[in-house]
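As a basis for the values below, the full set of heavy atoms in this structure was taken, side chains included, without hydrogen atoms, waters or symmetry mates. Remember, it's 1-based here, ligands and their atoms both numbered in the order they're listed. We number each residue from 1, following the sequence as shown.
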Amino acid sequence: MAGPRVLDYRSDTVTQPTDAMRHAMATAEVGDDVYGDDPTVNRLQDKVAKLLGMEAALFVPTGTMGNQAALWVHTGRNGAIVAETHSHISFYEGGAAALLYGAAVLPVPGKAGTFAPADLERFWLPRDPHFAHVKVVAVENTHNWSGGRTWSAAQTRTIADAAHDHGATLHLDGARVWNAAIARKASVASLCKGADSVMVCLSKGLSAPVGSLVAGSADFVAKSRFARKTLGGGMRQAGHLAAAGLVALDTCVERLADDHANAKALAKGLAGLGFGVDVAATETNMVMADTTGTGWTAQGFVEACKKAGILAGRRDAGPVVRFVTHRNVSAADGKEALERIAALRPAKRPLK
Ligand code: TLP
C-alpha cells in the first residue's frame, strides 16, 4: 500500500522544473558554449549580469564551482579568504579552497550570519611570513546555516569598503540572494553593490534543474572562464540548461514570497510543538528547529519524520533540524506536515 505523500523539506534544491522550463529546455537554440557559441547561455549571462548590476556573468554547473572559481581568481595560488564560520564556503565546500588552489579559509564568527568591519580588524595583519595574506572577504546572503538570514545592502557595502581599504576584494555568495531581495523588498543589484564578484544559483528556490552564475567585471569573468574550464565545468550545448534558468528568472522570483510565508507558518507551528525556533528570525525560506529539550535527538526526529513521510535534514552534527520551504511544498502541505509531526512522540519524554 502506498504511504502518505512525501513532503520534502530537505532543501529548495529538490524543486522540480516547471512545465514552461521543460518546454524551453526542449526547444532551446544551442551551440558549443566552450567556444562561446551558445546563444541561450549568452542571453542568460547578459540578463544575469544586468540584474546584478555587474559588467559580465558566466554560467557554471553548480554554486560550489561558482564560488570556488571566483575565490581562486581572487586569491591566485595562496593567500587567505575570510568567511563567516558557518558559511557555505567555510563549512560545506569540502575544504575546496585548500584542496584546489592552496588558500586558507579564516573563519569570522557572525551574528545571524552577518559581521561588521570591526570583526575584520584582526585579519588585517602586517605583511609578515607568519601570515597568509587576506585577498578576499566573502559574505553570504541569505546565510544558510543561521536559517536564511539576510544582509542589508548597507551591511554588505560596509564590508566591501573595509575589504577594499585593505587591498582585498569582496565576494558575495548569493546562492539565495533572490530570497534576500524579496524579503527586504530591495533590488538584487542593490544587495550586490560593492561586491567584486557574486555567485547566484538558479537551481534552488527558483526551481531550475541545474545552474549557477558568477558575475563581476569583464576581466574577472574572463579569468573565471579559465577557472571553470580547469575545474571541469566547460559545458557544450549548455543552452538546454540555461533555457530553464531564463524561465526561472522570469517566473519564479516574485513567488518566493509564498515560500517565506510558508516558512513562517511552519516556524510558528514547530515552536508551538516545543521545538526551539526563532519565529521572528524566520526571514526567508528556512526554519531551524532545535530539538533540545523536546525528548528528541536531531537524528531521531529526522528518522521519525521520514517514517511519517516528511523529509528534513540535520544542519550539522548538533541538535538543529533544517526545514526548507519551496515551490513544491504548499501552505496546505505545511499544515499537513505539522499535523503529522504533532502525532509523533519521542521514545521517552512527550512533546509539550
Ligand atoms: N546549499 C545546499 C547544501 O550544500 C548545504 C543546501 O541544501 O542548502 N552557497 C550556499 C549558500 C548554498 O546554500 C549552497 C548549496 C551553495 C553555495 C552550493 O550550491 P551547489 O549545491 O549548487 O553547489
Side-chain angles (χ1 to χ4, degrees), residues 8-15 17 48 58-72 81 83-97 99-100 105 107 110 112-114 136 138-151 156 171-181 183 188 191-192 195 197-215 227-228 231-233 235 238 241-242 244-245 248 256 259 263 283-288 302 311-318 320-329:
D8 193 346
Y9 289 98
R10 284 172 302 172
S11 184
D12 46 10
T13 59
V14 305
T15 40
V48 168
L58 182 73
F59 191 49
V60 291
T62 66
T64 302
M65 188 184 287
N67 277 338
Q68 292 305 323
L71 295 170
W72 182 9
I81 300 157
E84 200 278 331
T85 307
H86 295 104
S87 63
H88 202 273
I89 286 166
S90 299
F91 199 55
Y92 295 106
E93 296 192 5
L99 183 73
L100 297 170
V105 178
T114 67
V136 52
V139 301
E140 185 177 307
N141 194 9
T142 68
H143 188 269
N144 183 344
W145 190 91
S146 62
R149 301 301 301 272
T150 64
W151 288 69
T156 301
H171 174 70
L172 166 62
D173 176 344
R176 297 185 180 85
V177 74
W178 322 103
N179 297 76
V188 171
L191 298 180
C192 298
S197 60
V198 182
M199 186 284 287
V200 294
C201 292
L202 306 171
S203 58
K204 299 195 163 56
L206 301 195
S207 304
V210 175
S212 296
L213 293 101
V214 280
R228 179 186 71 174
L231 295 171
M235 298 182 287
L241 302 174
L256 293 173
D259 299 346
E283 289 181 79
T284 59
N285 69 331
M286 291 188 189
V287 183
M288 295 294 178
V302 166
L311 304 183
R314 293 180 68 183
R315 177 174 69 178
D316 50 30
V320 172
V321 174
R322 184 183 78 155
F323 291 81
V324 185
T325 56
H326 53 79
R327 195 176 55 78
N328 297 133
V329 280

Criterion side chain to side chain donor-acceptor pair (under 3.5 Å) against Arg176, the qualifying member of Asp12, Asn285, Asn141, Thr142
Asp12
Per-pair distances, 0.1 Å, donor-acceptor, side chain in residues 201-213, under 3.5 Å, sequence neighbours excluded:
| unit_1 | atom_1 | unit_2 | atom_2 | d |
| --- | --- | --- | --- | --- |
| Ser207 | OG | Gly205 | O | 3.4 |
| Ser207 | OG | Arg327 | NE | 2.9 |
| Ser212 | OG | Gly63 | N | 3.0 |

Got Asn144 and Phe91 here, is their nearest side-chain heavy-atom distance under 4.5 Å?
no
Once rounded to the nearest 0.5 Å, what's the spacing between atom CE of Met199 and atom NE2 of His171?
6.0 Å
Please identify each residue that fulfils side chain to side chain donor-acceptor pair (under 3.5 Å) with His86, with sequence neighbours left out.
none
Give every pair made of an N or O atom of ligand 1 and a protein N or O atom lying under 3.5 Å apart, one pair per line with both atom names and the distance to 0.1 Å, or write 'none'.
| unit_1 | atom_1 | unit_2 | atom_2 | d |
| --- | --- | --- | --- | --- |
| ligand 1 | 1 (N) | His88 | NE2 | 3.4 |
| ligand 1 | 4 (O) | His88 | NE2 | 2.8 |
| ligand 1 | 7 (O) | Ser11 | OG | 2.7 |
| ligand 1 | 7 (O) | Arg322 | NH2 | 2.9 |
| ligand 1 | 8 (O) | Asn144 | ND2 | 3.0 |
| ligand 1 | 8 (O) | Arg176 | NH2 | 2.8 |
| ligand 1 | 8 (O) | Arg322 | NH1 | 2.9 |
| ligand 1 | 8 (O) | Arg322 | NH2 | 3.4 |
| ligand 1 | 9 (N) | Asp173 | OD1 | 3.1 |
| ligand 1 | 9 (N) | Asp173 | OD2 | 2.7 |
| ligand 1 | 13 (O) | Asn144 | ND2 | 3.0 |
| ligand 1 | 13 (O) | Arg176 | NH1 | 2.9 |
| ligand 1 | 19 (O) | Lys204 | NZ | 3.0 |
| ligand 1 | 22 (O) | Gly63 | N | 2.8 |
| ligand 1 | 22 (O) | Lys204 | NZ | 3.3 |
| ligand 1 | 23 (O) | Gly63 | N | 3.4 |
| ligand 1 | 23 (O) | Thr64 | N | 2.9 |
| ligand 1 | 23 (O) | Thr64 | OG1 | 2.6 |

Taking only residues two or more places apart in sequence, or in another chain, which ones meet Ser87 in a side-chain contact (heavy atoms from CB on, under 4.5 Å)?
Ala83, Glu84, Ile89, Ser90, Glu140, His143
